[in-house]
Amino acid sequence: MEETVRNRFARIALATLAAAMLAATLPACKVQVGPSQKKQAEAVNIGTEAEQRELLRAAEAVAKDLDAGRYAAAWAKSSPTLSKQTNQEQFTKIISRMRGAVGAPGKRKVKGFGFESELDGLAGRFGTIAIGTEFARLKTGEEKFVFEHVDGKWKLVGYFLSGKVKFPAD
């Protein structure tokens with residue numbers, strides 16, 4: 001039993017480390033999870049149904065690449081904003097470690113959408129989609145895909161993976 005607890009702890013630590021490494025390595029992907037005090041009073045712009053469908057299609061395309069381990073293909077869907085902040089090699093290395101730590105994805109469910117005209121001081125058209133995802137080693141995972149609308153297409157700006165871990169009772 002003690003070995004099982006150690007294995008679980010090691011997997012959790014690895015997933016946490018991977019998420020921290022991604023946050024540190026991809027500075028263009030900084031997304032403020034909580035709105036600023038000024039924006040707290042404003043309602044979240046969830047967009048139109050058409051905008052949500054477009055953003056969902058873009059996220060599904062990136063997720064398909066990530067699920068298959070085609071990180072370079074996911075990189076090809078990135079915006080110039082992301083490519084100015086990191087390179088394909090770094091992106092691939094971090095995403096590979098992060099996804100490897102949580103295992104194969106399973107069931108996904110859209111949790112919400114958000115559309116903004118500014119991201120980290122950069123003006124433009126940005127969209128975020130949060131998706132609850134069950135992974136082999138992280139049952140309550142959440143993926144966040146952040147996109148920038150460039151040349152009529154949604155291009156990846158950031159990908160985040162987080163999860164909640166429940167420790168068994170004694």
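Source: prediction; values computed, not measured. Just so you know, these numbers use all the heavy atoms, side chains as well, and skip hydrogens, waters and symmetry mates.
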Contacts of Glu148 that satisfy salt bridge (Lys or Arg N to Asp or Glu O under 4.0 Å) - sequence neighbours left out: none
Under the ring-ring contact (aromatic ring centres under 6.0 Å, His included) test, residues paired with Phe115 that sit two or more places apart: Trp154
Asp67: side chain to side chain donor-acceptor pair (under 3.5 Å) partners, not counting sequence neighbours: Arg99, Arg108
Exercise: identify the closest heavy-atom pair between Leu82 and Val157: CD1-O, 3.4 Å
Which residues share a ring-ring contact (aromatic ring centres under 6.0 Å, His included) with Phe145, sequence neighbours left out: Tyr159
Pairwise side-chain contact, Thr128 with Phe113, heavy-atom cut-off 4.5 Å (strictly under): no
Heavy-atom side-chain proximity of Ser83 to Trp75 below 4.5 angstrom: yes
Residue pair Leu161 / Val102: nearest heavy atoms and the distance that separates them: CD2-CG2, 3.8 Å
Validation row: Val146, Leu156 side chains within 4.5 angstrom (heavy atoms): no
Atom of Ala74, atom of Val62 and distance for their closest heavy-atom approach: CB-CG1, 4.3 Å
For Ser162 against Leu138, the heavy-atom pair lying closest together: O-CD2, 3.9 Å
Smallest separation among heavy atoms of Ser79 and Val150, with atom names: CB-CG2, 4.4 Å
All salt bridge (Lys or Arg N to Asp or Glu O under 4.0 Å) counterparts of Glu142, not counting sequence neighbours: Lys111, Lys144
For the student: nearest non-hydrogen atoms of Phe147 and Ile129, plus distance: CE1-CG2, 4.5 Å
Residues Gln88 and Thr92: side-chain donor-acceptor under 3.5 angstrom: no
CD1-CG distance between Ile95 and Leu66, expressed to the nearest 0.5 angstrom: 6.0 Å
Listed once per pair and sorted, the salt bridge (Lys or Arg N to Asp or Glu O under 4.0 Å) pairs that draw on residues 74-84, sequence neighbours left out: Asp65-Lys77
Main-chain N/O of Thr48 paired to Glu51 side chain as donor or acceptor, under 3.5 Å: yes
Side chain to side chain, Lys109 and Glu134, heavy atoms closer than 4.5 Å: no
Separation of Arg97 CZ from Lys93 NZ (nearest 0.5 Å): 4.5 Å
Rounded distance (nearest 0.5 Å) linking atom CD1 of Ile131 with atom CD of Glu143: 6.0 Å
Separation of Ser117 OG from Arg125 CZ (nearest 0.5 Å): 11.0 Å
Distance in Å, Gln85 CD paired with Gln90 CD, rounded so as to fall on 0.5 Å steps: 10.5 Å
Rounded distance (nearest 0.5 Å) linking atom OG1 of Thr86 with atom CD1 of Ile94: 8.0 Å
